[in-house]
Amino acid sequence: MAGERFNARIADAKWQAAWDAARCFEARDDDPRPKSYILEMFPYPSGRIHVGHVRNYTMGDVLARAHRMQGRAVLHPMGWDAFGMPAENAAMARGVHPGEWTRANIAAMRDQLKSLGFAFDWSRELATCDPEYYGHEQALFLDLYAAGLVYRRESQVNWDPVDNTVLANEQVIDGRGWRSGALVERRKLAQWFLRITQFADELLDGLAGLDKWPDKVRTMQENWIGRSKGLRLRFALADPSTIEVYTTRPDTLMGASFLAIAPDHPLALAADPALQPAIAALKLGGTAAADIETAEKVGVDLGIRVRHPLDPTITLPVWAANFVLMDYGTGAIFGCPAHDQRDLDFARKYGLPVRRVVAAEGADPAEPIGTEAYTGPGRIVNSGPLLDGLAIEPAKAAVIARAEAEGWGEGSTVFRLRDWGVSRQRYWGTPIPIIHCATCGPQPAPRDSLPIVLPEDVDFATPGNPLARHPTWKHVACPACHGPAERETDTLDTFADSSWYFLRFASHPANAPFDRAAVDKWLPVDQYIGGVEHAILHLLYARFWTRALAHIGRLTVAEPFAALFTQGMVTHETYKASQVYSYTDSDGRSQIGDDEYWVAPDEVERSGNQLIESSTGNMVEVGRVEKMSKSKRNTVDPTPVIDQYGADAVRWFIVSDSPAERDFPWSATGIEGAWRFIQRAWRIADTVADEPDLAPTPDLAKAAARATHGVTEDIAALQFNKAIARLYDLATQIERAPPGTRRASTLIFLKLVAPIAPHVAEEAWERLGQHGLIVDAPWPQADPALLIDDTVTLAIQINGKLRDTIIAPKGLAREAAEALAMGQEKIVIALAGATPKKVIVVSDRLVNLVA
RNA sequence: GCGGACGUGGCGAAACCGGUAGACGCACCAGACUUAAAAUCUGAGUCCGAAAGGAGUGCGGGUUCGAGUCCCGCCGUCCGCACCA
């Protein structure tokens with residue numbers, strides 16, 4: 001195709017077929033070269049690929065392809081996180097079976113991914129909704145069960161009292177069920193838990209070794225696990241019983257003015273029947289932390305009084321309160337309004353006393369607390385001889401020592417981290433392999449009954465879990481007594497599916513979840529890439545499963561992801577149109593109103609210097625650049641863009657400009673710019689192909705070496721935007737070099753481009769008469785001698801302000817640099833005969849004359 | 001509410017360890033080529049100012065010969081919060 005434009009449509013298909021035929025991207029377990037496991041977080045098959053996926057997988061692909069050219073054995077797999085709520089929502093809304101919906105989505109999305117030419121090892125593809133996958137997950141669950149890492153207890157869920165169903169947090173909108181609109185309440189249900197807290201110390205301490213993780217993610221996990229030292233103490237009631245409370249601020253104990261317990265605390269349930277309706281009202285609202293924390297703090301005085309452990313003459317009232325949860329700690333707290341904002345708000349609302357017990361250094365201990373709790377440092381005041389005058393930390397120690405000596409409490413380390421509730425009252429998930437028997441209790445399902453497969457004939461006409469109401473599925477014999485029993489109808493949280501998929505990619509035997517030797521070869525993942533929204537839950541759960549499997553002897557590796565990269569979101573301008581209409585108001589007068597609505601990018605067109613909506617001609621205003629979302633209609637489907645510009649332009653654009661960890665604004669003009677560069681890269685090769693092959697000029701050889709060095713570093717650091725800037729530079733240098741001297745540099749250029757834009761690189765490689773595929777070509781090496789410049793530009797400053805620059809030999813001595821600077825005409829004029837008081841010379845950088 | 005980040009031209013950004021702010025790209029403008037357009041190439045391009053010069057990295061202070069970078073205090077925006085994935 002000499003002299004013609006690069007035809008992406010033809011080239012994309014041609015080279016994708018060539019890579020397929022050569023099975024380029026299949027990883028071999030017996031490959032002796034150094035391994036590189038590159039993994040992007042696998043997608044939920046929601047229907048279509050969105051540009052966020054394209055960004056994520058392009059980043060991983062560039063790295064995988066570069067590593068491959070650098071001579072490593074690369075494992076770069078892809079699969080589907082295929083269980084989840086949207087499939088059931090589709091089933092309810094459209095009557096399609098979740099499995100059918102999911103598999104159709106997978107087929108469509110796989111085609112889309114293939115059209116982008118990603119170097120995936122498709123032979124290892126998996127979908128978590130396949131019994132071949134989730135059966136092994138059930139086996140692993142039984143292993144954890146046998147190791148004592150699984151247990152069952154009651155826990156709160158969002159309950160919709162109209163639909164009689166459990167709601168996910170996202171299905172609770174402003175405290176109401178999303179379908180019924182009923183006020184949601186918190187209700188208790190027996191549920192399965194994984195004992196992640198047993199690994200709390202390990203998971204926390206293990207973060208220190210993850211030096212290739214972003215600091216922010218490690219900090220978030222640290223705070224999430226939240227190891228703290230505090231005091232578990234008991235307040236005595238009038239009768240011999242006690243209420244147990246946990247606090248991280250035992251130093252403020254003398255500031256306690258009330259106790260608050262969860263509305264479902266045994267004492268609250270045992271309170272005066274007349275109070276029960278008020279107590280029940282405290283359970284309204286969702287279980288999400290943000291809902292609970294931001295809801296108005298309300299409570300009910302239970303009429304119970306407890307004695308203060310440090311001063312038995314003080315009695316404190318016990319309240320039931322909506323912000324205390326039975327699931328956290330002991331389900332009871334002591335309120336110290338002076339030094340905790342939430343307690344202060346509560347105390348002010350109900351007229352409870354506020355007693356300052358901490359004062360800043362030098363501040364008046366009698367200074368009353370206003371509307372803001374004091375949480376800063378200082379000394380203990382108003383707390384009696386035991387504590388007054390102590391700093392906070394010694395005061396904590398003193399209270400703990402006293403509690404332990406007198407037997408009413410003990411110091412303890414607690415974690416913010418709670419055990420992982422994995423039960424979901426839903427159909428489209430991995431069935432929990434447990435059988436409930438009225439006589440024997442819960443029994444693990446027999447190994448030879450795995451996989452326990454989901455029934456296909458289910459109905460979604462009514463809310464609730466279709467597994468529970470299926471006529472036959474749950475009825476089985478008890479494995480112990482063989483009497484009639486019932487299967488667990490809860491399914492596993494989909495986070496369980498994504499907690500070990502990276503092991504199954506490394507090794508996928510039919511008769512076991514994975515093979516240890518193969519996993520040991522490939523793990524840990526050398527580079528994991530995904531959205532920062534997974535910084536806590538998914539990454540913590542995956543770390544936990546890996547550690548738990550190592551703990552029970554199934555694995556050697558303890559940490560699954562050696563390096564983590566969290567990429568930013570793809571954003572787009574939003575567009576709003578307005579529709580003017582007239583109506584008659586309640587007084588019978590005619591009025592003009594206007595409705596604003598969102599317009600999709602492909603419905604916006606330019607008309608003069610005005611934007612209009614194509615279908616209606618309504619005026620369109622450009623709104624903020626925001627995360628792509630269906631509600632704002634600012635999403636872009638990559639497929640038409642690939643059809644128009646080709647895979648390379650899309651890949652090039654999506655990793656250009658914005659640093660990978662930051663948000664990336666997609667724009668129609670941006671993709672055109674990328675497309676122009678792909679054409680330019682082809683044009684360079686096409687032109688150079690017909691030229692003789694003479695030695696490059698020194699300048700071009702240097703430019704190619706600099707680009708090689710820089711691009712290699714930039715790709716390794718996932719700084720694709722910088723690599724791309726260098727490639728633009730090198731393209732310019734090649735274009736400006738004398739014809740006939742640029743063949744070698746062009747070949748280097750193409751190799752450097754290949755990981756990002758592999759199709760045009762192959763086409764150009766072939767045009768230049770090279771044998772074999774460029775994906776198999778070795779990565780270029782930069783000659784270190786070419787990276788060194790013999791001249792530098794020195795900045796000359798007066799009082800730190802730039803006055804001139806000079807080109808000087810590299811490594812110039814400070815006296816010579818100073819003399820050179822002082823001799824410059826601009827400097828002589830600026831100094832006007834004055835002698836600098838001081839001269840600062842930074843070698844090969846600048847001379848600063850301080851006047 | 002709690003936790004974590006981010007903030008540099010019209011826009012996306014770059015700036016090694018505190019040392020020439022704005023590389024590279026997008027958009028825009030001017031020019032070349034063309035009968036014309038597209039494509040391509042060349043150039044201008046932070047702001048104020050005619051220029052000399054001055055100001056300038058969210059805002060206010062500080063450290064330093066020198067601050068986008070370090071410190072203190074604000075403001076704004078975004079993300080996560082355990083049943084969304």
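The figures that follow rest on heavy atoms only: side chains count, while hydrogens, waters and symmetry mates do not. So that the names make sense, note that chain A is the first sequence line, chain B the second, and so on, each numbered from 1.
A perpendicular orientation is assigned to the rings of A:Phe199 and A:Phe544, their planes being inclined by more than 60° (bins at 30° and 60°). A:Tyr134 and A:Phe83 have tilted rings, their planes meeting at an angle from 30° to 60° on a 0 to 90° scale.
Using a 4.0 Å heavy-atom distance criterion, A:Val166 is classed as a base contact. Residue-level contact check: A:Thr805 touches the bases, meaning some heavy atom is under 4.0 Å from a base atom. Nucleic acid contact class of A:Ala535 (heavy atoms, under 4.0 Å, all strands): none. Looking at heavy-atom distances under 4.0 Å, A:Gln797 makes contact with a base. Within the 4.0 angstrom heavy-atom criterion, only backbone atoms of the sugar-phosphate kind lie near A:Asn721; the bases stay farther away. Residue A:Ser658 is in sugar-phosphate contact alone, with no base atom involved, counting any heavy-atom pair closer than 4.0 Å across all strands shown. Nucleic acid contact class of A:His534 (heavy atoms, under 4.0 Å, all strands): base. When heavy atoms are screened at a 4.0 angstrom cut-off, A:Ser498 is found touching no nucleic acid atom at all. In this structure, A:Lys837 reaches neither bases nor backbone, as no heavy-atom distance under 4.0 Å exists between it and the strands shown. Base contact: A:Leu417 has a heavy atom under 4.0 Å from a base atom. As judged by a 4.0 angstrom heavy-atom cut-off over every strand, A:Ser423 is placed among the base-contacting residues. Across all strands shown, A:Arg662 has heavy atoms under 4.0 Å from sugar-phosphate atoms exclusively, and none from any base. Residue contacts shown for A:Pro659 are limited to sugar-phosphate atoms, with no base heavy atom under 4.0 Å away.
Between B:U46 and B:G68, the two C1' atoms lie 14 Å apart (nearest whole Å). Distance check on atom P: B:C48 versus B:G31 gives 23 Å, rounded to whole Å.
One cannot find a donor-acceptor pair under 3.5 Å joining the base of B:G3 and the side-chain atoms of A:Asn223. Side-chain atoms of A:Asn169 and base atoms of B:C83 include no donor and acceptor less than 3.5 Å apart. No hydrogens or angles were tested; on distance alone, nothing pairs the side chain of A:Gln156 with the base of B:C83 as donor and acceptor under 3.5 Å.
For the pair A:Asn799 and B:G66, the criterion of a side-chain N or O lying under 4.0 Å from OP1 or OP2 is not met. Note on A:Arg676: a side-chain N or O is less than 4.0 Å away from OP1 or OP2 of B:C26.
Salt-bridge annotation for A:Glu573 and A:Lys632: absent, with no side-chain N of the basic residue lying under 4.0 Å from a carboxylate O of the acidic one.
For RNA chain B, if you chain together Watson-Crick or G-U pairs that step i with j, i+1 with j-1 and so on, the runs of at least three with distances under 3.5 Å are B:1-7 with B:75-81, B:10-12 with B:24-26, B:29-32 with B:40-43, B:46-48 with B:53-55, B:58-62 with B:70-74.
Checked by atom type, the side-chain pair A:Asp160/A:Ser180 shows a donor-acceptor distance below 3.5 Å.
Checked against the 6.0 Å centroid criterion, the rings of A:Phe677 and A:Trp652 qualify as a close aromatic pair. With ring centers used as reference points, A:Tyr528 lies 6.0 Å or more from A:Phe565.
In this structure A:Phe323 satisfies the ring pair (Phe, Tyr, Trp, His ring centres under 6.0 Å) test together with A:Phe346, sequence neighbours excluded.
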